[in-house]
S.K.: 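Quick one: the structure is below, and I'll ask about it shortly.
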Amino acid sequence: AGRRARGAGPPAGRRPPATAAMAVDPAQVQWYYLDRSGNEFGPFPADKLRDWYDRGLFPVGEELLVRLPHWYRHAPLKFVYEKESIFKGPPRSYDEPAQQQQQQGAPHQGAPPPA
């Protein structure tokens, strides 16, 4: 079981550049995720989350809300990875997905209220 994390991202002024994560093996990139109740868990390496995803432990599938440590908001997996590469390789970008992309689909159960 991982640590439970609370909060809305890194403290002001402590946000590392997105390029810092690019030097890391994609399987070891650390991710946080939200459960259906809105509780955040992590950080976990991508390879561990891939194992859980493959075993069906995330019933919401591609709607699972995730974030990297330097992101302020969570994004559904479908905006972070291509379907066939979820948690396998690098995400589409290490930059935080645009908020308007996240709002295209139906609201996600367990998502925090808009700020």
S.K.: Give the C-alpha distance, both sets of side-chain angles, the deciding distance and a yes or no for side-chain contact (heavy atoms from CB on, under 4.5 Å) between N39 and L34.
M.R.: CA-CA 5 Å; N39 296 310; L34 287 182; over 6 Å; no
S.K.: If you round to the nearest 0.5 Å, how far is OH of Y94 from NE2 of H70?
M.R.: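 With rounding to 0.5 Å, NE2 (H70) is 9.5 Å from OH (Y94).
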S.K.: Only counting residues at least two apart or in another chain, list the ones meeting ring pair (Phe, Tyr, Trp, His ring centres under 6.0 Å) with F58.
M.R.: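 Listed in chain order: Y33.
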S.K.: Return the minimal non-hydrogen interatomic distance between H74 and L65, and the atom names on each side.
M.R.: CB-CB, 3.8 Å
S.K.: Are any non-hydrogen side-chain atoms of P45 and V29 less than 4.5 angstrom apart?
M.R.: no
S.K.: Output the distance between atom OH (Y81) and atom NZ (K88), rounded to the nearest 0.5 Å.
M.R.: 11.5 Å
S.K.: May I ask you to test the D54-F87 pair for a side-chain heavy-atom distance under 4.5 Å?
M.R.: no
S.K.: Determine, stepwise, if the pair R67 / E40 fulfils salt bridge (Lys or Arg N to Asp or Glu O under 4.0 Å).
M.R.: CA-CA 10 Å; R67 74 172 179 88; E40 183 177 71; 2.7 Å; yes
S.K.: Are the side chains of R50 and I86 in contact, using a 4.5 Å heavy-atom criterion?
M.R.: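 A side-chain contact under 4.5 Å exists here.
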S.K.: Heavy atoms only: give me the nearest A75-V80 pair and the separation to one decimal.
M.R.: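 For A75 and V80, the tightest heavy-atom pair comes out as CB-CG2, 3.9 Å.
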S.K.: Using the rule given for side-chain contact (heavy atoms from CB on, under 4.5 Å), can you reason through Y53 versus D51, listing the C-alpha separation, both sets of side-chain angles and the distance that settles it, and then say yes or no?
M.R.: CA-CA 5 Å; Y53 184 83; D51 177 56; over 6 Å; no
S.K.: Go through the steps for K83 and K78 under the test side-chain contact (heavy atoms from CB on, under 4.5 Å), then give the verdict.
M.R.: CA-CA 7 Å; K83 184 173 184 162; K78 66 183 178 184; over 6 Å; no
S.K.: Side-chain contact, heavy-atom cut-off 4.5 Å: W31 with L64?
M.R.: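 W31 does not reach L64 side chain to side chain.
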S.K.: So do W71 and Y32 actually touch side chain to side chain, heavy atoms under 4.5 Å?
M.R.: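 Not in contact.
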S.K.: What do the steps show when you test R36 against V60 for side-chain contact (heavy atoms from CB on, under 4.5 Å), and what is the final call?
M.R.: CA-CA 8 Å; R36 287 191 244 182; V60 295; 4.1 Å; yes
S.K.: Salt bridge check: are E96 and R73 linked by an N-O gap of less than 4.0 Å?
M.R.: no
